[in-house]
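Here's the structure, in structure tokens; my notes come after.
All values derive from a computational prediction rather than experimental measurement. Each chain gets a letter, A, B and so on, in the order the sequences are listed, and its residues count up from 1.
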Protein chains: 2
Amino acid sequence: MENQEPQIAHMSAAQPKMPASSSRILYDIPCKVCRDHSSGKHYGIFACDGCAGFFKRSIRRNRQYVCKAKSKGGCMVDKTHRNQCRACRLAKCIQAGMNKDGN
Amino acid sequence: MENQEPQIAHMSAAQPKMPASSSRILYDIPCKVCRDHSSGKHYGIFACDGCAGFFKRSIRRNRQYVCKAKSKGGCMVDKTHRNQCRACRLAKCIQAGMNKDGN
DNA sequence: GTAGGTCACATTGACCGAG
DNA sequence: CTCGGTCAATGTGACCTAC
């Protein structure tokens, strides 16, 4: 896959630009995996709820994803494409430093 | 996105190679959109249940998808990648000849 | 302040009855 | 036969609570 749009369920809309303190979301610290706004550290790194949840599910269920792109393992992983390739998303989570014991 | 795997819900497993007549599935006629096994004509062309359902929903809800790949509109659309890019899947459905009034 | 759990929501595709 | 409708399965990500 390569694109899409509503692919995700609750694709968060543009943030109201809050006081950056009254919310759970850290508007200035990007998710180390997809660059979306993070919501604190998760499994060792600053990550958004999406990537944290994805990593959580992948680990818990022992998921083995396979990148089906021509350029194996080269899928872009940002807020827009993160749901296009689970294999590359998980790989980037790990590469970014995520680990089960969060440290 | 570029790959994946369980992306789809009920990814049909390898077919038991039925008598090719006792089932709804036409094992010898591929879906003109994704090459998966078709299940007869849908909206004008031989298509699988997946592409037929996708086209049905897209039309009914007047979906406007946007291809987010670098190579705009160049996403592969086969059984494996069909859920990677809705924009390209719909484009290919139309290009393959699908139309609301099936003819 | 993060792990873990929960859950509303959305999509997919197999199947069914109607015509 | 195809169409439209239905629905079980599944994933996503926003939240909440406990620690």
Integer-rounded Å distance: dT10(D) P and R86(A) CZ: 12 Å

Partners meeting side chain to side chain contact (heavy atoms under 4.5 Å, CB included) with R61(B) (sequence neighbours left out): R57(B), R63(B)

Check: Y43(A) ring centre within less than 6.0 Å of F54(A) ring centre: no

Degree of bending, the helix from dG1(C)-dC19(D) to dG19(C)-dC1(D) (end axes from five pairs; round to 10°): 10°

C67(A) versus G73(A), closest heavy-atom pair with distance: SG-N, 3.1 Å

Nucleotide dT2(C), atom C1' - distance to CD1 of I29(A) in whole Å: 14 Å

Side-chain N or O of R57(B) closer than 4.0 Å to phosphate OP1/OP2 of dG5(D): no

Sugar-phosphate only, base, or nothing, as touched by G40(B) at under 4.0 Å among non-hydrogen atoms: sugar-phosphate

Residue-phosphate contact under 4.0 Å: R63(A) side-chain N/O, dT10(D) OP1/OP2: no

Whole angstrom value for the distance that separates P of dA10(C) from OH of Y65(B): 13 Å

K41(B): side chain to side chain contact (heavy atoms under 4.5 Å, CB included) partners, not counting sequence neighbours: F46(B)

Atom of C51(A), atom of C34(A) and distance for their closest heavy-atom approach: SG-SG, 3.8 Å

Atom of H81(B), atom of M76(B) and distance for their closest heavy-atom approach: CB-O, 3.4 Å

N or O in side chain of R82(B) less than 4.0 angstrom from dT12(C) OP1/OP2: no

Pairs under 3.5 Å (N/O, protein and nucleotides 15-19 of chain C):
{"residue": "dC15(C)", "atom": "OP2", "partner": "R24(B)", "partner atom": "NH1", "Å": "3.3"}

Below 4.0 Å: OP1/OP2 of dG4(D) and any side-chain N or O of K100(B): yes

Distance, rounded to the nearest Å, where F54(A) contributes CZ and dA3(C) contributes P: 16 Å

Residue-phosphate contact under 4.0 Å: R60(B) side-chain N/O, dG5(D) OP1/OP2: yes

Interatomic distance, F46(A) CZ vs dT2(C) P [rounded to whole Å]: 7 Å

Residues forming a side chain to side chain contact (heavy atoms under 4.5 Å, CB included) with A96(B), sequence neighbours excluded: K32(B), V33(B), I45(B)

R35(A): partners by side chain to side chain contact (heavy atoms under 4.5 Å, CB included), with sequence neighbours left out: P30(A)

Side chain N99(B), main chain G97(B), donor-acceptor under 3.5 Å: yes

Residues that S39(B) engages under side chain to side chain donor-acceptor pair (under 3.5 Å), provided they are two or more places apart: H42(B), D49(B)

Whole angstrom value for the distance that separates C1' of dA14(D) from OH of Y27(A): 12 Å

Touch class at under 4.0 angstrom, heavy-atom based, for G50(A) against every strand present: sugar-phosphate

Nearest-angstrom distance from the residue atom CZ of R61(B) to P of dT12(C): 9 Å

Any N83(B) side-chain nitrogen or oxygen under 4.0 Å from OP1 or OP2 of dG13(C): yes

Gap between atoms NZ and C1', on K79(B) and dA14(C) respectively (whole Å): 12 Å

